[in-house]
Amino acid sequence: MEGREAAAAASGGALVFAVNGERFEVSGVEPSTTLLEFLRTRTRFRSVKLGCGEGGCGACVVLLSRYDPVLDQVEDITASSCLTLLCSVNRCSVTTTEGLGNSRDGFHPIHQRFSGFHASQCGFCTPGMCISLYGAIVNAEKTDRPEPPPGFSKLSVFESEKAIVGNLCRCTGYRPIADACKSFAADVDLEDLGLNSFWRKGDSKEFKMSRLPPYRCKDENCTFPEFLKKEIKSSMLLDTKSYDWHTPTTVEDLQCLLETDGNSDASLIKLVSGNTGMGYYKEVKRWEKYIDLRNIPELAIVKADETGIEFGTTVTISKAIEALREHSKCMSSTEGGMIFRKTADHLEKIASGFIRNTASLGGNLVMAQRFHFPSDIATVLLAVDSQVTVMLGPKQERLTMEEFLERSPLDSRSVLLSIKIPTWHLRRSTASEATKRLLFETYRAAPRPLGNALPYLNAAFLAEVTVSEALHEIVINNCRLTFGAYGTQHAIRARKVEEALTGKVLSLSVLREAIEVVKATIVADYGTRDPAYRSSLAVGFVFKFLSPLIESRAKTVNNSLNGYNSAILAGEPNLTQDCSQISSLLSSSSQVFELNKEHYPVGEPIKKSEAAIQASGEAVYVDDIPSPANCLYGAFIYSTKPLARVEGIRIPSSVPSNFISSIISFQDIPDGGQNVGSSTIFGLEPLFADELAHCAGQPIALVVADTQKHADMAADSAVVDYDVDNLETPILSLEEAVERSSFLEVPSFLYPDEVGDLSKGMAEADNKILSAKIELGSQYYFYMENQTALAVPDEDNCMVVYSSIQCPEYAHNTIATCLGILGHNVRVITRRVGGGFGGKAIKAMPVATACALAAYKLRRPVRTYLNRKTDMIMAGGRHPMKVTYSVGFKSNGKITALRLDILINGGTTADISPVMPMNIVGALKKYDWGALSFDIKVCKTNHTSKSAMRAPGDVQGTFIAEAVIEHVASALSMNVDSVRDINLHTHSSLSLFYKHAAGEPQEYTVPSIWTKLALSSNMDQRIEMAKEFNRCSLWKKRGISRVPILFEVSLRATPGKVSILNDGSIVVEVGGIEIGQGLWTKVKQMVAFALSSVQCDGTTELLEKIRVIQADTLSLIQGGFTAGSTTSEASCQAARVCCDILVQRLSPLKNSLQEQMGSVTWEVLVGQAYQQSINLSASTYYAPELGSMQYLNYGAAVSEVEVDLLTGETRILRVDIIYDCGKSLNPAIDLGQIEGAFVQGLGFFMLEEYLTNSEGLVVAEGTWTYKIPTLDTIPKEFNVEILNSGHHQKRVLSSKASGEPPLLLAVSIHCAARAAIKEARKQLHSWSGHDECNSIFQLGVPATMPVVKGLCGLNSVESYLDWRLGKEQKA
């Protein structure tokens, strides 16, 4: 330790900090270096992942610990390492998931429980999840709560769930992750926890507790090493002389640093506190000077007294929340305490915990003032008349929040110093004024309830009212109403609305007049999306605030005001939901399956084989591979025009030329090579645009630089010269494509067959719906690991490429073609993929090929990791489409004929688009349509090529089917469930619609699933309960929907190889790629089962001896695609065939040894086989029989939702699923696939908008603008049953696919939302005085909050008030 201190003393101006207990001393740091960048490039700790670079996904979360030598205390916070600047962690301790435990020294209980609760699939997000939970546990242990039972922490269930609300996962559906977290909570009921590897259903509580990996807080939670504490006590400070990083300790020092000489540009000074603003406003310029404000005591102060509470500008949002709550408890004024408490509640819905922990109050407000950031904090503080102190050069000025926001943007020399929230008191001078009340509420409408999403609109209302019990009147004495984030420069006070209310006796008419003023006031700036929706939200919030006061006039007024939050309104049980009162985000859920011991260990719900090392950060992804010597880094320059000549590319002088090594374009393709970036059976797609770019987002070049940061900087700054003279106008709509006959060819063998006679079916119909239209949008993959590759030149003109890809063989062929070399000179290696969903198939090829081309030309290793923006712009995503349908049907709901005209946007090249018609029709044939006719065109447009995304075409097909069913039910005023029921297939009609896949009658399980699900979900009873709820509730409506699915899959030929090493361990290679779907685990189970048939001692323990290794295109050829949901079972069968060969070779030896020895162990058998030169390596190419290649998957779901009519928010209350997995190869993995697919489908149907601008360039380019489901948006209750449907000899051990089909079940949520909206529209029409309403409407995809609110009525509040006023007048 003395040596360390001596080294520290000698280090002078070096940064000194610890990572996982190891000391790091770093000199000469570029101040813009992030902690993430340092950890991933200069340490061995690669568990922190770059998912978004915006602080929006949680993949890079670390625990950041700071030591206070005066108090001898350690502060521990979770933080986004992608936003945390390395210089800001001086004298800190950093903990990543590697620091908790590992496979050698022992896993931490968090790792073990994540693994045991099946909470990791692709595993890319898992390290961040683990640290988010760890941070919550560490801080809970510091509280004075009672000691928890052994094995548990002081966390509550709700806190354990909230710990990961800001972390994104695209694979699991979150339920198992929440269970792993809740297993640490002191108040958890173990019965509420789902499927795990520790206990089975029915085990006693004592047994369950004994099986949980033990957690001991004193042993697990040392976050700050002693050596660093001693160095801090020596008071070493960072010497700024050799840095552009400055750490002033007084405001005077800060003023001096801000005063620049004549040669300096003040606009190039960056003030740093948490640096979280970088996640929103991406930095492109280089700063000359960084000034860290956090060491100035005056700026970090929290000062509370009777006048209010004052925060220094660098106080973090989390600390402000804590201070507000603490101060509210000791307030003599109940009103003032209430304001502080509700302000804290609102602040907790901003961003996520690991952002709030570092983001400063001052930084948030300055972004709002200077850059018009849609700040919640500004809106709330404006409502409570907060003040700020600003340093303007040498002087300081006190401003109201309103003055601060409205003044011209602060210049670079101006600094926000502090923010003061005043204490509000009621003025009570006479007895008559004792009935005054102070009311305060805050509101926000956002895609995610608990934060991590910018609001469509936020608001805060403060009002002083006088209550007259004698007159039953409430008078608004004065009020402050503020609104923000609705598409205006900053939060505003709605003064005209305040004037319309002040001094008035509250009544329906006064409220109605005020609402008109609100609508005139809250008007979004031109270009803002959904302006009418945002204005409607403002109306709804004002109504929500004031209407309970009006309704309470006839009641005991004081009581109603004292219980203001419960908002009594015409039977409305809970108009304003306070999330702080929620005890749990998710209620208990169930996972039901039947164990199958016939082929042990196949059929066992064993945990995913690499889950623990994914949790501990030891699992290696492509970007985790250490960079070889002399490695360069690439970034794509893409077109921003849909159709244009590329005249040239320039990198501006702001990017130093010594950063750049080369710009690789189509001109750099070697002689004999081709400009090809991807290839399928449908054709080639160019690697780079040649003279002509065909779409916005098409790669033009790859800029190669010395670091990934510099490559991204150069690509982002690149200036592309375009010329569009004498070119046709680009095709950017499906209508234009039809008009110009621009189509992609669909081979005749892929075009689906029609069924029946349409004319006859239409003639039989009693009713017809003609030319109805629906439209479906796109969806982005949002795999957590972005596209990535590493290309390393090898001897003899060879190229080794590490690629995160679902089809290495295809990348191999494409690279060889591009470089003009033989295939044996290329080797593509893929170990695992951090999420794929189809996006790592065709779309990964050009990434690998571009790296290979650059490496080939420059003769140096080249790698790339696409940033999230580039990935989203180039990805293509799911196919958008427009559908026109006509349908004939009987009066009882039986459909006799369906005609479809479908236009699909395929983009510029074919990719996999020609399979879309077959897939669409395959899914929509789930009902007996009588006759089915269609015309499906795949349009060639100047958009990025669309590609396969989980259930491509199938998910759209099932939606089209449900849209037709819903329309028919509405037209007949029938129960939609009855219409579904009457149109379900019999096996006879199933065989007509699915000629080659229907199977035997006993295999068709939809009718039994349909009936069983209604009973197990209590559907009929819940429908009646929903009706009663809807009758009593004006502003929330519930809907329930039951939906079936049929999903056709095909097995593909797959290679396999099994080798037994001389110690008895087993190595397996298969064509399938591990992308999180548990393929390796199922293969291991199959190999253990198949080899056990040799029947020697010890074969029951074979599972632990098996390792599945990475795909290598020169080791195992013909790997094909990992896609279509059947690769796992095909890989299992390939491995099984290999094992059968090995067993056949070993059996004679085993029998011989048994005769000699009586008992033969596996190790002895293998050893003897080696001595006798028996070949213990077997390979095969499994090709399924033609008659068994295709089969149908069945399932059904019941979903119940609740729609908020004032905001359009849809809460998913409960989902029940029954899914036919045949005989599951691993129920735990299949359950994970079912839940994960369903939640991804939820995103498609309800949340995710993959938007482009008028030229086709993607504008949803990150976590700020693209919202996948999070823990707070999934079903509160999520019940899944796997149906064991018996023996299917023609399939792999009678198993069935689970990867894609369950995604289609999420349409049940959309249909349930539609049912709730239908109830809202009925109510709306009744207010308008109409007895009947038009129940026929189309609910778009995705059914986002603005869409839902629009259908429920943007003017629903006005209609309600007019109705009430009309009733009063009549009375």
Side-chain angles (χ1 to χ4, degrees), residues 435 437 439 441 461 463-479 481 494 496-521 535-564 566-576 1029-1037 1204-1207 1319-1333 1349 1352-1371:
T435 53
R437 291 290 183 269
L439 308 176
E441 291 291 344
F461 306 148
E464 183 189 86
V465 301
T466 298
V467 178
S468 171
E469 293 191 43
L471 299 175
H472 295 295
E473 288 181 348
I474 298 176
V475 178
I476 298 183
N477 301 328
N478 54 69
C479 59
L481 310 180
K496 289 186 178 179
V497 183
E498 294 171 5
E499 291 168 5
L501 291 168
T502 300
K504 301 285 181 65
V505 175
L506 261 182
S507 64
L508 291 173
S509 58
V510 168
L511 178 56
R512 184 66 181 86
E513 291 168 6
I515 277 171
E516 288 303 314
V517 184
V518 171
K519 290 162 67 176
T521 303
S535 179
S536 177
L537 285 174
V539 168
F541 290 160
V542 170
F543 175 74
K544 190 180 282 193
F545 182 65
L546 295 177
S547 59
L549 307 180
I550 298 170
E551 300 299 332
S552 68
R553 285 182 304 164
K555 303 177 176 66
T556 304
V557 181
N558 280 339
N559 290 340
S560 71
L561 287 182
N562 289 337
Y564 183 72
S566 58
I568 301 164
L569 174 62
E572 188 68 35
N574 187 11
L575 192 61
T576 305
F1029 178 89
N1030 291 338
R1031 188 185 67 79
C1032 296
S1033 172
L1034 287 182
W1035 299 105
K1036 290 182 180 178
K1037 300 294 181 184
D1204 186 326
L1205 275 56
L1206 295 178
T1207 65
E1319 293 300 311
R1321 290 167 67 87
K1322 282 183 185 177
Q1323 177 177 269
L1324 184 64
H1325 279 76
S1326 71
W1327 290 340
S1328 303
H1330 303 298
D1331 294 331
E1332 295 184 4
C1333 75
K1349 171 63 176 167
C1352 292
L1354 291 175
N1355 297 319
S1356 58
V1357 169
E1358 295 92 308
S1359 297
Y1360 169 72
L1361 291 174
D1362 290 343
W1363 172 69
R1364 288 287 305 276
L1365 288 166
K1367 287 180 67 176
E1368 285 187 0
Q1369 289 172 1
K1370 290 177 182 177

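Here the structure is a predicted model, which is why all the values come from computation and not from measurement. Quick note: numbers below take in every heavy atom, side chains included, and nothing from hydrogens, waters or symmetry partners.
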I want to check something: taking the side chain as every heavy atom from C-beta on, are [X] and [Y] in contact at a cut-off of under 4.5 Å?
{"X": "I550", "Y": "L511", "answer": "yes"}
{"X": "C479", "Y": "E464", "answer": "no"}
{"X": "L481", "Y": "L501", "answer": "yes"}
{"X": "E441", "Y": "K544", "answer": "no"}
{"X": "V475", "Y": "V467", "answer": "no"}
{"X": "I476", "Y": "L506", "answer": "yes"}
{"X": "L439", "Y": "F461", "answer": "no"}
{"X": "F1029", "Y": "K1037", "answer": "no"}

Mind checking the [atom1]-[atom2] spacing from [X] to [Y]? Nearest 0.5 Å is all I need.
{"X": "S1359", "Y": "L1354", "atom1": "OG", "atom2": "CG", "result": "10.5 Å"}
{"X": "L1205", "Y": "Y1360", "atom1": "CG", "atom2": "OH", "result": "12.5 Å"}
{"X": "W1363", "Y": "S1328", "atom1": "CH2", "atom2": "OG", "result": "11.0 Å"}
{"X": "R1364", "Y": "S507", "atom1": "CZ", "atom2": "OG", "result": "11.0 Å"}
{"X": "L1361", "Y": "E1368", "atom1": "CG", "atom2": "CD", "result": "10.0 Å"}

Of all residues at least two apart in sequence or in a different chain, which pass the side chain to side chain contact (heavy atoms under 4.5 Å, CB included) check with A538?
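If we apply the side chain to side chain contact (heavy atoms under 4.5 Å, CB included) test to A538, skipping adjacent residues, the hits are L457, F483, V518, I522.
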Nearest heavy-atom contact between A494 and T521 is CB-CG2, 4.1 Å
Which pair of non-hydrogen atoms, one from V517 and one from A500, has the smallest distance, and what is that distance?
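For V517 and A500, the tightest heavy-atom pair comes out as CG2-CB, 4.2 Å.
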Which residue pairs satisfy the salt bridge (charged side-chain N to carboxylate O under 4.0 Å, His left out) criterion with at least one member in residues 502-512, sequence neighbours excluded?
R512-E516, R512-D1362
Do the side-chain N and O atoms of N478 and T502 include a donor-acceptor pair separated by under 3.5 angstrom?
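The answer is no; no qualifying pair exists.
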With F541 via ring pair (Phe, Tyr, Trp, His ring centres under 6.0 Å) - residues at least two apart
Y443
Using a strict 4.0 Å threshold on nitrogen-to-oxygen distance, state whether E1319 and K1322 make a salt bridge.
yes
Assign the ring pair W1327 / W1035 to parallel, tilted or perpendicular, where the plane angle (0 to 90°) is split at 30° and 60°.
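Ring orientation of W1327 relative to W1035: tilted.
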Let's go through T435 and T466 carefully: what are the C-alpha distance in whole Å and the side-chain angles of both, what is the deciding distance for side-chain contact (heavy atoms from CB on, under 4.5 Å) to 0.1 Å, and is it a yes or a no?
CA-CA 6 Å; T435 53; T466 298; 4.1 Å; yes
Pair S1356, K1349 - check side-chain hydrogen bond (donor to acceptor under 3.5 Å, both in side chains), show working.
CA-CA 9 Å; S1356 58; K1349 171 63 176 167; 3.2 Å; yes
For L1034, is there any backbone N or O sitting under 3.5 Å from a side-chain donor or acceptor partner on Q1323?
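Yes, the answer is positive, given that a donor and an acceptor are paired below the 3.5 Å cut-off.
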